[in-house]
Amino acid sequence: MAGSTTRLSVHGLTVRYGELTAVSKVDLSVADGEVLALLGPSGCGKSTLLRAVAGLEPAAGRVCWDGGDLAGVPVHKREFGLVFQDGQLFPHRDVAGNVAFGLRMRHLGRSPERVAELLELVGLAGYETRKVTELSGGEQQRVALARALAPRPRLLLLDEPLSALDRALREQLAMDLARVLRLAGSTALVVTHDHDEAFTLADRVAVMRAGRIYQVGPPTEVWRRPVDDETARFLGCGLIIPATVHEGRASCELGEVALPWAPDGAARLGLRPTALRPATSGIEGKVLQRVHRRDHVRLQVRLESGLVVDAVAGVLDTPDDEVTLALDRDGIALVGRP
Ligand code: ADP
Ligand code: MG
């Protein structure tokens with residue numbers, strides 16, 4: 001479990017490429033054993049920030065470990081482990097050779113026992129002599145992870161480690177990765193543009209946009225209480241509407257719903273498509289569009305008021321032209337600072 005001692009702390013970190021400020025005055029900290037996910041759209045500066053922490057990118061501001069400034073400490077002396085989108089394995093070495101490379105870099109010997117232990121941890125027991133070029137994408141990422149973990153880095157930096165994989169594999173590997181990070185007790189900073197990945201892996205999520213961090217918090221808090229409209233939209237709330245909350249019930253133009261965690265008073269609700277579902281009573285509308293997804297059908301519905309909303313229906317009970325929708329609190333966020 002994550003402890004409360006801060007290990008990594010970043011203060012006012014800024015990276016400029018000519019006119020462009022790719023990372024702007026970022027402050028963040030990662031506690032001992034904690035996994036922090038940096039979540040943001042493509043191009044917002046996530047990789048740049050990660051590289052600056054690793055020491056691969058000149059930056060203004062400070063990167064500290066246990067309170068000590070790492071300014072003069074070169075990349076290979078920071079004892080950080082790195083995993084990128086495409087594992088960057090050595091094609092001419094076998095699996096054991098790749099994992100052992102991480103150990104040799106730190107002068108920790110070849111230790112076949114440590115290699116076997118790591119392969120077991122990442123679910124590749126017995127793969128030592130396999131060629132990395134003959135592994136699947138998912139297996140290659142597991143090897144890259146084993147290689148990074150082998151020398152027991154004090155911080156693991158993961159840059160979109162699952163993005164190159166197809167969807168089903170990505171979900172499985174995200175869960176495996178979460179387990180491995182917990183088992184290894186790793187302190188980690190993982191960068192991703194994928195909500196599911198961030199929420200699966202992280203103890204805390206930091207939402208980044210245009211070089212800045214807008215919100216940091218536990219996954220449920222960020223999911224339920226995005227600090228502003230843009231963060232809410234990035235987190236899937238397609239519609240933001242005013243509401244009034246009274247004793248844990250919110251009322252808005254789309255109906256009423258129990259929101260036990262919402263304080264009394266005026267509020268703004270962020271609605272994800274799952275916030276509206278077909279029901280026996282509620283508001284009526286006309287189905288404009290149906291799109292089949294893996295385990296649900298996404299609807300676009302025009303309400304009598306003229307408002308067009310997204311909704312989600314089951315695959316077996318997809319409505320025809322007319323539909324009655326009711327609010328489901330699972331898809332609702334409260335937008336704005338508490
Ligand atoms: P992300 O990882 O969130 O997709 P990046 O950190 O890769 O974003 O990039 C942030 C911004 O900085 C982008 O606009 C990108 O084009 C720019 N950028 C990244 N690396 C360089 C570089 N070496 N030189 C100039 N611009 C760069
Ligand atoms: Mg990137």
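Starting from 1, each residue takes its place in the sequence as its number. We count ligands from 1, going down the list as the structure has it; atoms in each ligand are counted the same way.
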Legend entry - Ring-face cation of Arg272 near Trp223 (centre distance under 6.0 Å, axis angle within 45°): yes
Inset, instruction - Examine Arg147 relative to Phe90 and say whether NZ or CZ is less than 6.0 Å from the centre of the six-membered ring and inside a 45° cone about the ring axis. - result: yes
Inset, instruction - Would you mind telling me which of Leu49, Leu13, Val216 makes a side chain to side chain contact (heavy atoms under 4.5 Å, CB included) with Leu28? - result: Leu49
Inset, instruction - Please report the C-alpha distance between Leu50 and Leu38 in whole Å, then the side-chain angles of each, then the deciding distance to 0.1 Å, and finally whether the side chain to side chain contact (heavy atoms under 4.5 Å, CB included) criterion is met. - result: CA-CA 9 Å; Leu50 202 78; Leu38 200 58; 5.6 Å; no
Inset, instruction - Would you tell me whether Tyr127 and Glu139 have side-chain atoms, one donor and one acceptor, within less than 3.5 Å of each other? - result: yes
Legend entry - Within the protein, residues bringing a heavy atom under 4.0 Å of ligand 1, chain by chain: Tyr17, Leu20, Ala22, Pro41, Ser42, Gly43, Cys44, Gly45, Lys46, Ser47, Thr48, Arg51
Inset, instruction - Tell me, yes or no, whether the heavy-atom count around Gln88 atom CD, taken from other residues, nucleotides or ligands under 6.0 Å, exceeds 12. - result: yes
Inset, instruction - Please report the shortest heavy-atom distance between Leu103 and Ala150, naming the atom on each side. - result: CD2-O, 3.5 Å
Legend entry - Count of N, O or S atoms belonging to protein, less than 2.8 Å from the Mg ion (ligand 2): 1
Legend entry - Nearest atoms (heavy-atom pairs only) where Val26 meets Val10: O-CG1, 3.5 Å
Inset, instruction - Step by step, work out the side chain to side chain contact (heavy atoms under 4.5 Å, CB included) result for Thr280 and Thr324. - result: CA-CA 7 Å; Thr280 46; Thr324 304; over 6 Å; no
